Amino acid sequence: MRQFRLEFDAEATPAPSIQADQILQGLNERQQEAVRATDGPVMIVAGPGSGKTRTLTHRIAYLLALNKARPYQILSLTFTNKAAREMKDRVEKLVGPELAGGMWMGTFHSIFARMMRVEAEALGYTRDFSIYDTEDAERIIRELMGSLNMDTRQFSPRSMLFLISSAKNHMVSPEEYQRLAATAQQDLAARIYKPYVETLKRANAMDFDDLLIKPIELFRLRADILEKYQNRWTYIHIDEYQDTNRAQYLLTKTLADRHRNICVVGDDAQSIYAFRGADIGNILSFQRDYPNASTIRLEQSYRSSKRILRLADSIIGHNKDQLEKTLWTENGDGTPIVLMEAVSEKDEAQKIERRIRDLGVRAGYRHTDFAVLYRTNAQSRSLEDALRRGGIPYRVVGGTSFYQRREIKDVLAYLRLAVNPNDVASLRRVINYPVRGIGAKTQDELFAFAERQGISAWEALERLTEVGLTTRTQTLVGAFRDMVKPYMQRAFTEPADAVARDLIKETGILADLRDEGTQEGLVRWENVQELINAIAEFTAQERDAASLSSFLQQVSLFTDQDATDSRDERVTLMTLHASKGLEFEVVFVAGLEEGLFPLANASQERKELEEERRLFYVGATRAKAHLFLSFARSRFRFGETTSSIRSRFLEEVDASVLLTEAGETLEQKPNRFQVTEKRSIAYERLDPHYYRESLTTPKPKPKPAKSGDRRVVYDETEGGRIVPGVVVEHEQFGEGKVLSMEGVGDQARAVVFFKEVGQKKLALKFAKLRVVE
DNA sequence: AATAACTTTCTTTTT
DNA sequence: GAAAGTTATT
């Protein structure tokens with residue numbers, strides 16, 4: 001893992017093994033232009049399949065070949081590890097490994113994690129800080145909510161984390177957030193935000209957002225450090241620029257400020273990460289930030305057939321927010337796009353399976369040529385079943401990766417604790433695993449003591465006698481402490497694999513898994529063994545003595561796709577999000593149903609709906625030759641069968657390139673979703689996901705509201721006339737229809753779809769709704 | 001304190 | 001239909 005070398009590599013740049021003009025070969029004129037424009041700001045706007053990434057890598061290779069920049073002066077940022085790896089491979093192929101070796105190429109997170117490792121002390125961290133993923137962060141939030149007596153049922157820790165994360169990404173401080181908080185949920189988040197940040201700091205830990213925000217803080221605080229990096233990275237490249245969030249934008253802008261050699265590549269039509277703070281505005285305002293920027297459009301698609309492009313174009317044409325761009329191709333018309341209608345999700349999966357087999361036989365496609373895309377991870381199950389039954393090998397991208405498995409995270413938590421004693425999340429995770437008699441109550445007392453004394457939880461263990469536990473518990477806790485303690489030294493003096501192996505053995509995790517005696521326990525046992533191997537492998541490659549902590553930091557940033565091997569013969573199953581940047585001969589987009597794609601929550605707000613549409617656009621444009629769209633008329637969701645209707649996207653699409661399975665053209669109902677003049681909001685009849693209750697079960701009978709019964713559909717005793725289906729009026733929002741009700745008495749809330757402002761959730765206590773007619 | 005049995009809620013999408 | 005949380009039992 002050469003990429004984890006920490007020192008800057010300042011040795012002389014080796015001579016390029018290739019001439020610059022050779023690099024330009026095989027590129028079209030526009031691409032060559034983009035490659036040649038090496039100085040100053042450049043924006044490459046490009047459609048799917050136009051060779052964006054290719055152009056970017058050629059540009060980097062060109063810089064190296066010209067000896068314009070030394071490798072370590074080039075910073076190239078991507079969004080996934082996979083993209084970074086691919087990019088590096090391509091550059092290597094062009095200029096040779098020695099020259100490509102020293103480049104800084106990786107995800108935003110991995111690059112800045114490495115930087116923060118070097119600069120940690122400037123912000124009061126140690127270089128061995130822990131990196132908290134969503135699960136760790138959620139654990140912290142849950143604890144905090146508990147200690148602040150917040151009801152985790154009303155607002156989940158996850159939703160709190162989401163709000164805090166988005167505040168962080170927008171660079172809103174806890175104090176500001178407190179002022180801005182408007183809803184009850186935001187109020188709660190505002191109360192947790194500050195303690196959350198403080199807890200992380202005390203734990204010597206950073207979450208994913210911190211990895212981007214802390215560098216910004218650092219640069220603001222220390223002009224000297226900023227200057228160092230501005231001069232280090234004189235050429236900055238950013239792939240998928242449309243997906244950068246505020247922090248990423250600021251970070252790269254600050255870094256590029258001195259030399260202004262920044263090149264961004266993106267496609268506004270493929271922006272699909274607004275939900276995690278991505279801001280299309282960044283790509284739209286590039287010209288404003290850099291008035292002398294050259295903009296280069298790549299509009300020729302080398303990937304898809306004419307029919308597929310026409311379909312894609314008709315999808316995106318329904319969006320208002322977009323940059324002007326016309327894709328064209330020299331490719332042939334291709335085959336018509338096939339729309340498949342299925343009875344159920346099972347049937348849908350079977351049809352897809354049959355198509356794959358059929359095309360494999362008739363057109364000679366290999367399994368790697370196929371991809372099945374869907375909106376939610378949960379949809380993979382039925383597809384997997386069908387493929388398994390049909391004997392077609394597949395791989396699922398995403399889902400839980402190796403490093404997210406419970407047993408792996410348990411082991412990693414032990415190791416993290418050894419490296420970073422302040423790491424509370426890890427301490428909490430392992431203090432009573434395997435079970436050693438330190439229950440919730442004991443833990444509460446320990447952490448409360450630490451809180452009172454203003455010390456870290458580990459220090460509380462060190463001062464165990466002062467906590468005031470019974471002798472018996474003290475012995476148990478002391479034994480745990482004494483078991484882990486030696487490793488806190490050893491982690492820094494001995495090879496990582498030896499430390500890890502001994503610690504794992506001593507904790508008894510392996511024995512615990514073995515004694516389970518189940519098949520699952522065996523698998524987990526094997527996984528732990530595999531982790532030990534991975535650490536050993538890492539140690540062999542990396543001679544840095546303290547590398548256990550860098551290993552831990554690295555694996556925190558690993559995600560699914562890292563294990564995937566595209567060479568083996570399998571059909572790929574993945575979410576539409578995960579498919580970005582990839583291409584396949586044959587693509588299936590499954591589950592085109594209202595409420596699923598677009599998702600129910602997203603179908604009310606124009607912005608969110610447009611994002612769903614871009615997602616559809618991304619999915620459709622993954623296909624080179626064949627595209628299949630499918631929907632099922634019923635689907636097993638939420639533990640029950642629900643009937644569905646086909647997605648509105650199918651009504652919008654250019655039907656001339658589409659055929660049904662029967663070979664007929666699609667009959668569209670273009671006005672199906674228009675909100676008509678008066679009161680009829682067409683959703684209620686057409687979208688069963690809004691009316692799940694009433695369509696799947698007989699009309700909910702008014703139940704007497706028992707106390708503690710949270711499943712009350714509506715409250716008879718109060719405002720009894722406000723029930724799902726009734727039209728109501730609100731002072732500000734105007735007229736709307738009640739979609740559903742929840743809660744009783746003061747807690748009663750209604751989800752109302754207003755004609756003017758869309759869907760809102762209102763507390764009846766405050767919202768003074770009047771029933772119309 | 002640990003286990004078993006139960007109830008409840010939840011599904012976007014990810015570094 | 002899973003995961004997480006709650007309650008009852010040992």
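This structure is a prediction, so every number in the text was calculated from the model and none was measured. Protein chains get the first letters and strands the later ones, always in sequence-line order, with residue 1 at the start of each.
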Problem - Protein-nucleotide distance (A:E612, atom CD; B:dT11, atom P), rounded to Å - result: 16 Å
Problem - Euclidean distance for P, B:dT13 against C:dA4 (whole angstrom) - result: 15 Å
Exercise for the section: Would you mind reading off the distance between A:R614 atom CZ and B:dT12 atom P, rounded to a whole angstrom? Expected result: 19 Å
Problem - Presence of salt bridge, A:E135 and A:K409, under 4.0 angstrom - result: yes
Fill in the blank from the handout: Result for 5'-nearest mapping on DNA chain B, choosing between A:Y273 and A:T442, is A:T442
Fill in the blank from the handout: Of the candidates B:dT15, B:dT11, B:dT14, the side chain of A:H109 sits closest to B:dT15
Exercise for the section: Report the nucleotide, chosen from B:dT12, C:dA2, B:dT14, that has the shortest atom-to-atom distance to any side-chain atom of A:T575. Expected result: B:dT14
Which pairs, protein N/O on one side and nucleotides 2-5 of chain B N/O on the other, fall under 3.5 Å?
unit_1	atom_1	unit_2	atom_2	d
B:dA2	OP1	A:G437	N	2.9
B:dA2	OP2	A:N432	ND2	3.4

Handout entry: Presence of A:N377 side-chain N/O under 4.0 Å of B:dT13 phosphate oxygens OP1/OP2
Key = yes
Problem - Salt bridge flag under 4.0 Å for residues A:R381 and A:E384 - result: no
Handout entry: Whole angstrom value for the distance that separates C1' of B:dT15 from CG of A:D133
Key = 11 Å
Exercise for the section: State whether A:R614 and A:D268 are salt-bridged, where the test is any N-O pair (Lys NZ or Arg NE/NH1/NH2 against Asp/Glu carboxylate O) under 4.0 Å. Expected result: no
Fill in the blank from the handout: Regarding the side chain of A:T376, the nearest nucleotide among B:dT15, C:dA2, B:dT13 is B:dT13
Problem - With A:F584 via ring-ring contact (aromatic ring centres under 6.0 Å, His included) - residues at least two apart - result: none
Practice task
Check the distance between C:dA2's P and A:R405's CZ and give it to me in whole angstrom.
Solution key: 17 Å
Problem - SB check A:K214 A:E119 (cutoff 4.0 Å) - result: no
Completion exercise
Atom CG of A:L77 and atom P of B:dT15 are separated, to the nearest Å, by 15 Å
Practice task
Look at A:D136 together with A:R139 and state whether they make a salt bridge at an N to O cut-off of under 4.0 Å.
Solution key: no
Practice task
For A:L212 and B:dT14, give me the distance from atom CG to atom C1', rounded to whole Å.
Solution key: 13 Å
Handout entry: A:R428 charged N/C atom sitting above A:F447 aromatic ring, 6.0 Å / 45°
Key = yes
Problem - Under 4.0 angstrom between A:R142 side-chain N/O and C:dG5 OP1 or OP2 - result: yes
Problem - A:R613 to A:F616 six-membered ring, cation-pi geometry met (6.0 Å, 45°) - result: no
Practice task
Give me the ring orientation class for A:H577 and A:F275: parallel if the planes are under 30° apart, tilted from 30 to 60°, perpendicular past 60°.
Solution key: perpendicular
Exercise for the section: Kindly state whether the pair A:F275 / B:dT12 counts as stacked, where counting means centroids closer than 5.5 Å and planes tilted less than 30° apart. Expected result: no
Exercise for the section: Could you tell me whether A:R158 contacts a base, only the sugar-phosphate backbone, or nothing, with contacts defined as non-hydrogen atoms closer than 4.0 Å? Expected result: nothing
Completion exercise
Taken to the nearest whole Å, CZ/A:F636 to P/B:dC10 is 18 Å
Fill in the blank from the handout: The dot-bracket string of DNA chain B, counting Watson-Crick and G-U wobble pairs with both distances under 3.5 Å, using [ ] for crossing pairs and | for pairs to another strand, is ||||||||||.....
Problem - A:R246 with A:D279: basic N within carboxylate O range, under 4.0 Å - result: no
Problem - Residue-phosphate contact under 4.0 Å: A:R381 side-chain N/O, C:dA2 OP1/OP2 - result: yes
Exercise for the section: Select base, sugar-phosphate, or nothing to describe what A:F208 touches, counting heavy atoms under 4.0 Å on all strands. Expected result: base
Practice task
Among C:dG1, B:dT15, B:dT13, find the nucleotide with the atom closest to the side chain of A:R276.
Solution key: B:dT15
Handout entry: Nucleotide B:dT15, atom P - distance to CD of A:Q554 in whole Å
Key = 15 Å
